[in-house]
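I have a structure here, written as structure tokens, and I will follow up with some questions on it.
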Amino acid sequence: MNYPHIPNLRLGTSSWSSEDWVGTFYPPGTKSSDFLGVYAQHFDTVEVDSTYYRIPAESMVRNWRARTPPGFTFAAKFPQVITREKVMQDCREELANFLRTMSLLEDRLGPLLLQFPYFNKKAFPSPRIFLRASLPFWRSCPGDSVMPSKSATSIG
């Protein structure tokens, strides 16, 4: 696929691993182990949804990097243990493990996505309360890995 280059715009999908794509996107007979390499011939980014369910093995992350060209970007979701189960509280070990593992992507590491559960008024009656509760998490992140919004840092 050739699409025009638009600065700061990346075109990709939420995965590359769907067997249903064989015969429509992937050529007939494409092995699942070849999906990422074929995908990267057409798109320059992908969201890694699987990291939401578990932190991948280091060997898997190295493999992702090896199968993609320079300029390719992975946008990985933070694990649900951080965003859903612990809601960014008392998760220093999980955070460090996730960031260390994803750093193996090196130049191919793009944004890290935080996907939260539906917030009801009982859990967080207002955005201000959520942002205030999240400040220790933001402060525990390495300076260049996660950037909270300006409004989150001014609430403290």
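Note that the coordinates shown come from a computational prediction; the quantities given were computed from them, not determined experimentally.
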Quiz item: Run the side chain to side chain contact (heavy atoms under 4.5 Å, CB included) check on Arg67 and Asp34 step by step: do they pass?
Solution: CA-CA 9 Å; Arg67 291 176 179 264; Asp34 295 328; 4.1 Å; yes

Exercise. Can you see which heavy atom on Val48 is nearest to which on Phe74, and at what distance?
Key: CG2-CD2, 3.7 Å

Practice problem: Kindly give the heavy-atom pair with the smallest separation between Thr13 and Val46, and that separation in Å. | Solution: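 Heavy atoms only, the tightest pair is O-CG2, 3.4 Å.
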
Self-check item: Distance, nearest 0.5 Å, that separates OG1 of Thr73 from CD of Glu47
Solution: 13.5 Å

Quiz item: Taking atom OG1 of Thr83 and atom NZ of Lys77, what is their separation to the nearest 0.5 Å?
Solution: 9.0 Å

Quiz item: Between the side chain of Arg10 and the main-chain N/O of Asp44, is any donor-acceptor distance below 3.5 Å?
Solution: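 At least one qualifying donor-acceptor pair exists.
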
Quiz item: Where do Arg84 and Tyr52 land on the side chain to side chain contact (heavy atoms under 4.5 Å, CB included) test, with the steps shown first?
Solution: CA-CA 10 Å; Arg84 184 177 195 89; Tyr52 180 73; 3.5 Å; yes

Exercise. Would you check, one step at a time, whether the test side chain to side chain contact (heavy atoms under 4.5 Å, CB included) holds for Arg100 with Glu58?
Key: CA-CA 9 Å; Arg100 185 187 73 253; Glu58 291 181 4; 3.6 Å; yes

Quiz prompt | Shortest non-hydrogen separation from Ile82 to Cys91 and the atoms involved | solution =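 Heavy-atom minimum between the residues: CG2-SG, 3.9 Å.
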
Self-check item: Nearest atoms (heavy-atom pairs only) where Arg108 meets Pro70
Solution: NH2-N, 3.2 Å

Between side-chain atoms of residues 19-26 and protein atoms elsewhere (two or more places apart, or another chain), which donor-acceptor pairs fall under 3.5 Å?
unit_1 : atom_1 : unit_2 : atom_2 : d
Thr24  : OG1    : Trp21  : O      : 3.1
Tyr26  : OH     : Trp16  : O      : 2.5
Tyr26  : OH     : Phe35  : O      : 3.4

Quiz item: Have Thr68 and Trp64 got a donor and an acceptor in their side chains that come within less than 3.5 Å?
Solution: no

Quiz item: To the nearest 0.5 Å, what is the distance between CZ (Arg62) and CD (Glu106)?
Solution: 9.0 Å

Practice problem: Looking only at non-hydrogen atoms, find the nearest pair between Gln89 and Ala133 and report the distance. | Solution: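 Taking every non-hydrogen atom into account, NE2-O, 2.7 Å.
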
Self-check item: Connected via hydrophobic side-chain network under 4.5 Å: Leu113 and Phe98
Solution: no

Quiz item: Is any side-chain heavy atom of Val87 less than 4.5 Å from a side-chain heavy atom of Phe137?
Solution: no

Quiz item: Which residues satisfy the ring-ring contact (aromatic ring centres under 6.0 Å, His included) test with Tyr53, sequence neighbours excluded?
Solution: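 Partners of Tyr53 under the ring-ring contact (aromatic ring centres under 6.0 Å, His included) test: none.
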
Quiz item: Closest heavy-atom contact between Ile55 and Asn97?
Solution: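 In terms of heavy atoms, the two residues are closest at CD1-ND2, 3.6 Å.
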
Quiz item: Under the side chain to side chain contact (heavy atoms under 4.5 Å, CB included) criterion, do Thr51 and Leu112 qualify, and how do the steps go?
Solution: CA-CA 10 Å; Thr51 55; Leu112 298 175; over 6 Å; no

Practice problem: Measure the spacing between CG of Leu36 and OG of Ser15 and express it to the nearest 0.5 Å. | Solution: 9.5 Å

Quiz item: Roughly how far, to the nearest 0.5 Å, is the OG atom of Ser59 from the CG atom of Leu104?
Solution: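 Between atom CG of Leu104 and atom OG of Ser59 there are 10.0 Å.
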
Practice problem: Measure the spacing between CZ of Arg65 and CG of Asp107 and express it to the nearest 0.5 Å. | Solution: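 One finds 4.5 Å between CZ of Arg65 and CG of Asp107.
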
